[in-house]
Undergrad: 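Quick one: the structure is below, questions incoming.
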Amino acid sequence: MSHSGRRIALVLGGGGMKGFAHIGVMQALEERGIVPQLYAGTSIGAMLAAARVGGASIDSLTRRAESLRRRDLFRINHFGMLMERMRSPSIYLEDPLRDLCRAVVPNGTFNDLPLPLLVNTVDLERGAPVIWGSPGLRDVTVQDAVYASCALPGYFPPGRVGDRLCVDGGVVDNLPVGIAALSADLIIAVDVGSTDLRPISDAMSLGFANIYMRAATTMMHALQQYPLTHWQGPPMVLIRPRCGEDWLSFSHTAETIREGLRAAHKALEDIDAFYDQPGGVYPRRRFELEVDRDRCIGCGLCASLAPNLMGLDAEGKAYTRTRTADWSPADGDFVRYCPTHAITARKVERIVPLKAGERGAA
């Protein structure tokens, strides 16, 4: 039975090795007695969701994650790069990722699973998203779908799922909350792919793989912001662990799992109050907004991104339309985007929504 008798969907986003934070999130759910009735995921999120649906314990997932090393997954496709050059389908070999999928993902089709599972991919030939596990898309091998969802273009070869050639679903939607919302009363969504996009000082020194991932992270964040900031589905708890930016690092696995646990416990503190809300993204915090006019250059980016909160005065300087704003983790990007750091947002308090039957201030 799910928590409070409600149908809960757990949606796990892609993010390379940062996705190990999902293990900590699932541990937090287990400790709180919250049992998802549906799982959905992209890339590593799809892999861990499939493993959990297949019965993998938190301890077993933790042990496997902490024992995984770079050579276990990333092996250069030397022959393909040498012989096929630009026509090689990928930098890395397919077999290590296939082996990992076989080791953690249950065998059989989606019809064989004890719980609904949605695996997000993109049909490379049609240029369209395909959510395996949806009605009419269940009679395929789960391991094939998960491999394809993890096949980041250029890094791993595309995967054949049924008669479709598919790649990582993060190309279009790194956090597939929309499809999960069709069958849920409440969504718990975990975004590890676009957190901690802080400025860096020497991007050229990162190497082409990390430069690509930096650009891909920026793209994925922008793509998923619109559905989150314009969310019309059931109430959603959005968890964004602070996992740094390195998608390919294996050196901080234990810390990443602990960060997922910490972030989940923090976000779920008031979950009982979220069920009866008509919608919205939670948890919410109240912030005070302020503009430093001396720093403002009048570029107008803030007013274009958040016209309900920001405007330009007669001198072309930015100003706040309201002193305070009530934000979920999906809000407030325009503050970070200011090119001169002229806008500040200071956290004031946590907002706890009223539950049904309650009156007065929360």
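Fair warning: this is a prediction, and the values are worked out from it, not measured in the lab. Counting from 1, the numbers follow the sequence of the chain as shown.
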Undergrad: What is the minimum heavy-atom distance between Leu61 and Ala51, and which atoms define it?
TA: CD2-CB, 3.8 Å
Undergrad: Answer yes when Asp326 and Arg350 have at least one side-chain N-carboxylate O distance shorter than 4.0 Å, and no when they do not.
TA: no
Undergrad: Applying the side-chain hydrogen bond (donor to acceptor under 3.5 Å, both in side chains) test to Thr42, which of Asp173, Asn120, Asp168 qualifies?
TA: Asn120
Undergrad: Are Leu97 and Met47 close enough that some pair of their side-chain heavy atoms sits under 4.5 Å apart?
TA: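 Yes; the side chains approach each other to less than 4.5 Å.
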Undergrad: Tell me, do Asp185 and Pro234 make a side-chain contact under 4.5 Å, heavy atoms counted?
TA: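 They are not in contact (no side-chain heavy atoms under 4.5 Å apart), so the answer is no.
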Undergrad: Going through the distances and angles, do Thr340 and Asp292 end up as a side chain to side chain contact (heavy atoms under 4.5 Å, CB included)?
TA: CA-CA 10 Å; Thr340 58; Asp292 185 334; over 6 Å; no
Undergrad: Quick check: is Tyr319 connected to Tyr337 through a chain of hydrophobic side chains (ILVMFWY, heavy atoms under 4.5 Å apart)?
TA: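 No, no single cluster joins them.
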Undergrad: Find the distance between CG (Leu186) and CG (Leu10) and round it off to the nearest 0.5 Å.
TA: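 Reported value, rounded in 0.5 Å steps: 10.5 Å.
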Undergrad: Would Leu175 and Leu238 count as a side chain to side chain contact (heavy atoms under 4.5 Å, CB included) if you check the C-alpha gap in whole Å, the side-chain angles of each, and the deciding distance to 0.1 Å?
TA: CA-CA 11 Å; Leu175 194 67; Leu238 179 60; 4.1 Å; yes
Undergrad: Hey, are the side chains of Pro329 and Pro283 touching, using non-hydrogen atoms and a 4.5 Å cut-off?
TA: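 Of all side-chain heavy-atom pairs linking Pro283 with Pro329, at least one is under 4.5 Å.
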Undergrad: In Å, rounded to the nearest 0.5 Å, how long is the span from OH of Tyr39 to CD1 of Ile8?
TA: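 The CD1 atom of Ile8 is 10.0 Å from OH of Tyr39, to the nearest 0.5 Å.
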Undergrad: Just wondering, do Leu268 and Ile188 contact through their side chains at under 4.5 Å, heavy atoms?
TA: yes
Undergrad: Got a donor-acceptor contact below 3.5 angstrom from the Asp270 side chain to the Ala273 backbone?
TA: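 Judged by distance alone, no pair lies under 3.5 Å.
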Undergrad: Pair Arg98, Asp95 - check salt bridge (charged side-chain N to carboxylate O under 4.0 Å, His left out), show working.
TA: CA-CA 5 Å; Arg98 285 280 185 188; Asp95 286 347; over 6 Å; no
Undergrad: Is there a side-chain contact between Gln143 and Asn107 in this structure, where contact means two heavy atoms from C-beta onward sitting under 4.5 Å apart?
TA: yes
Undergrad: Judged by atom type as modelled, is there a donor-acceptor pair below 3.5 Å linking the side chain of Arg286 to the main-chain atoms of Ile351?
TA: no
Undergrad: Determine yes or no for a side-chain-to-main-chain donor-acceptor pair under 3.5 angstrom, with Ser183 supplying the side chain and Ala180 the backbone.
TA: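 A pair under 3.5 Å: no.
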Undergrad: Would a distance-only check, ignoring hydrogens and angles, find a side-chain to backbone donor-acceptor pair under 3.5 Å from Ser43 to Gly45?
TA: no
Undergrad: Is Gln27 close to Ile23 at the side-chain level, that is, under 4.5 Å between some pair of heavy atoms?
TA: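 SC-SC contact between Ile23 and Gln27 ruled out.
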Undergrad: Can you measure from CG (Leu38) to CG (Leu117) and round to the nearest 0.5 angstrom?
TA: 8.0 Å
Undergrad: Heavy atoms only: give me the nearest Ala345-Trp327 pair and the separation to one decimal.
TA: CB-CZ3, 3.8 Å
Undergrad: For Leu113 and Arg138, what are the C-alpha separation, side-chain angles and deciding distance, and is it a side chain to side chain contact (heavy atoms under 4.5 Å, CB included)?
TA: CA-CA 10 Å; Leu113 297 175; Arg138 294 173 180 156; over 6 Å; no
Undergrad: What's the shortest heavy-atom distance between Val161 and Ala148, and which atoms?
TA: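 Scanning both residues completely, I find the closest heavy atoms to be CG2-CB, 3.7 Å.
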Undergrad: Is it true that Ser328 and Asp331 share a donor-acceptor pair across their side chains at a distance under 3.5 Å?
TA: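 Asp331 vs Ser328: donor-acceptor pair found between side chains.
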Undergrad: Which atom pair, heavy atoms only, marks the closest approach of Thr320 to Glu290?
TA: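 Nearest heavy atoms, Thr320 then Glu290: CG2-N, 4.2 Å.
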Undergrad: Do the ring planes of Phe274 and Tyr282 sit parallel (below 30°), tilted (30 to 60°) or perpendicular (above 60°)?
TA: parallel
Undergrad: Counting distance only, does the side-chain N/O of Arg293 pair as donor-acceptor with the main-chain N or O of Lys317 below 3.5 Å?
TA: no
Undergrad: Grouping I, L, V, M, F, W and Y whenever their side-chain heavy atoms are under 4.5 Å apart, do Val167 and Phe156 come out in a common cluster?
TA: no
Undergrad: Would you say Gln37's side chain and Val35's backbone share a donor-acceptor pair under 3.5 angstrom?
TA: yes
Undergrad: Within the distance-only criterion (no hydrogens, no angle test), does the side chain of Arg285 pair as donor or acceptor with the backbone N or O of Lys347 below 3.5 angstrom?
TA: no
Undergrad: Would a distance-only check, ignoring hydrogens and angles, find a side-chain to backbone donor-acceptor pair under 3.5 Å from Asp123 to Ala128?
TA: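 Not confirmed, Asp123 side chain does not pair with Ala128 backbone.
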Undergrad: Is it true that the side chains of His252 and Glu259 contain a donor and an acceptor less than 3.5 Å apart?
TA: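 Judged by distance alone, the side chains do not pair up.
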Undergrad: For the side chain of Ser134 and the backbone of Leu137, is there at least one donor-acceptor N/O pair under 3.5 Å apart?
TA: no
Undergrad: Return the minimal non-hydrogen interatomic distance between Ile343 and Cys302, and the atom names on each side.
TA: CD1-CB, 3.6 Å
Undergrad: Measuring from atom OG1 of Thr109 to atom CG of Asp112, what distance do you get when rounded to the nearest 0.5 angstrom?
TA: 3.5 Å
Undergrad: Between Val119 and Phe110, does a side chain to side chain contact (heavy atoms under 4.5 Å, CB included) hold up when you go through it step by step?
TA: CA-CA 10 Å; Val119 172; Phe110 287 83; 3.8 Å; yes
Undergrad: How many angstroms lie between atom CG of Leu29 and atom CZ of Arg52, to the nearest 0.5 angstrom?
TA: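 That separation rounds to 8.5 Å.
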Undergrad: Measure the CD1-CE distance between Ile44 and Met17 for me, rounded to the nearest 0.5 Å.
TA: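 CE of Met17 is found 5.0 Å from CD1 of Ile44.
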Undergrad: Is it the case that over 12 heavy atoms from other parts of the model lie below 6.0 angstrom from the CD atom of Glu349?
TA: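 For Glu349, atom CD is crowded (more than 12 foreign heavy atoms under 6.0 Å).
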Undergrad: Could you tell me which non-hydrogen atom of Thr121 sits nearest to which non-hydrogen atom of Cys166, and how far apart they are?
TA: OG1-SG, 3.7 Å
Undergrad: For the side chain of Thr256 and the backbone of Cys243, is there at least one donor-acceptor N/O pair under 3.5 Å apart?
TA: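 Judged by distance alone, no pair lies under 3.5 Å.
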